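Taking it in order: structure first as structure tokens, then the write-up.
We use all heavy atoms of the structure for the numbers below, so side chains are in, but hydrogens, waters and symmetry mates are not. Note that the numbering runs from 1 along the sequence shown for the chain. These numbers come from a predicted model, not from an experiment.
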Amino acid sequence: MDSPEQRRNRKRFPKTTKLSNFRHFPPVRSLLYCFGFFCFLYVLFRRHTVALPHAVTLSRLSSISSYQIDADSVFHTFHKLPQIKIQATVSFPDHTLLLLSKGSEIRAPNQLHCVYKTNNSGSDPDIKMSVLSVDEYINNRLLVRCPLPPVNFSSPVALQRRRLVINTAEESDPTRFSWENLAYEAVLDGNSVIVFVKGISHRQGKESNPTRFTCHFGFGDLGVNGKYVLSSRAVSVAQEVVRCVLPRSMVMRPEKASGVRATVSFLMPRVHGRANRVVVPSIAKISIPERSLEVNKHELCVCTMLWNQAHSIREWITYHSWLGVEKWFIYDNNSDDDIKTVIESLDREGYNISRRVWPWIKTQEAGFSHCAIQAQTECNWVSFMDVDEFYYFPHNPISGYPGPGALRTLVSNFTTSSSIGEIRTSCHSFGPSGLTSRPKQGVTVGYTCRLKSPERHKSIIRPSALDPTLMNVVHHFHLKQGFTYMDLPQSIAVINHYKYQVWEVFRAKFYRRVATYVADWSDKQNEGSRDRAPGLGTEAIEPAEWRLQFCEVWDTGLRDFVLANLGEVSTGALPW
């Protein structure tokens, strides 16, 4: 008979079940855990694969095997792809622009490729080419520029990073647009919306009848297919700029207009008694100008549109900041050099630069109109000039050279004027000055020979004095009634325009011009225009003795001014 102690131990530690017959099988609880885990993986996999078919189509490209996806690709599949989608494709004469929705940054854009499908019915493989550029864009979007497709290949149909297709677009997709007919930008301006439209007017300096035009607004992706839910009348139309009344539902809460798609329709001339209304395709979404947190406006700002000026922008900004420029609006027109890095470096140094991606070719006038809207809440005066143009204050026998802030001081004298809305300054065009390579100390010191007579002028404008059409001819704007302009005497200030630099620099300028109504040098039209280089012709072939041309007067005034005021005292080194 068991003792009481033995009975207590038996209750505390019951007899172990013999498992000798089951030792080769896992415990039931482990099986249940494994089964639940695999069920979880199955549900997770199903959810992702249902969400991705429209954003990722791996089977479309025969050259990509599903067995080639590495760990990095898998990461991007599940964490990047659902957030990126091709919204629209725009065909330009020299490249294709892809407009993408952006949930997060595309990593390693230098590893991104554009994929093209063959137009042949055979089994030719698809090809890929490196992207030209990837950049941030307004309304949480990305811009990807692709090279033109080779012969017998389609426009870009996908983007690929390494071996993984990260985005696709169908050939029949209605969001494929031609640059010749497109609403491409829209911006809020008080109680009106300004829509920038390519293809509605080719008349420089001429207004159109606004009663023929109407603005339309759609939410989300409705506007892609031409479905718009709100409309409003146009109040002015000039060149590529259409100003419309803000729809009543947005007037009380204008912030709700941000991201709304906008376009324009117009009435065609009557045919057989009937008028036909045409709606312009659109990729434009309304943006709202940023407002400065500062109470007081900047006295003097500068706006420019540039392409590939990384080598010269530091000199231009440093010099004019010394003269008093407080804010910079840089419209980057598809640069593919290191301009973004240079601008970011200058901004960190305190030069207050705002870089805006402006991918629209041959739209300098429209870009300047857009910039005038952006600047009106921050600036009393805005100078519109190019990176090869420098203000110069000639030496005064009595007062000598002006000191720092001279340009800002000059314009501030007219801030309280009730009639002056624009200040115009004459431009002197400089030539290569005998040089055959870029001057190491910069253009202001290196080029010292120019044409005798000034060519045209550039303007500093008061945004509040501009005509509502925002019409301009690059060199100056149209003003409201009651405002006028004044011409600065050349004894007070001129602009040194380093227009004809050494051939390696000028050749790039020959290749690409940004003004809408100015013919490219390679086009055989307006060959006698002052916009062309005299005697250059229509081909980018260096003329004989180019280094000696455009040299009628030796002018070292700005060189002496720069060396005296900005050069290091001991070494003579300049800040750029």
Lys327 charged N/C atom sitting above Phe329 aromatic ring, 6.0 Å / 45°
yes
Quick one: list whatever passes side chain to side chain contact (heavy atoms under 4.5 Å, CB included) with [X], sequence neighbours left out.
X	result
Val302	Trp316, Val325, Trp328, Ser383, Met385
Ala540	Arg507, Phe510
Ser91	none
Ser265	Thr214, His216, Arg277, Val279

Could you work out, with salt bridge (charged side-chain N to carboxylate O under 4.0 Å, His left out) as the rule, every residue matching [X], not counting sequence neighbours?
X	value
Asp467	none
Arg314	Glu349
Asp520	Lys362
Glu365	none

Only counting residues at least two apart or in another chain, list the ones meeting side-chain hydrogen bond (donor to acceptor under 3.5 Å, both in side chains) with [X].
X	result
His95	none
Tyr331	His370
Glu326	none
Arg212	none

Does Ser335 reach the side chain of Asn308, with side-chain heavy atoms less than 4.5 Å apart?
yes
Return yes if some donor-acceptor pair links the side-chain N/O of Glu315 with the main-chain N/O of Val443 below 3.5 Å, else return no.
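Present.
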In terms of heavy-atom contacts, does CD of Glu255 have more than 12 from other residues, nucleotides or ligands at under 6.0 Å?
yes
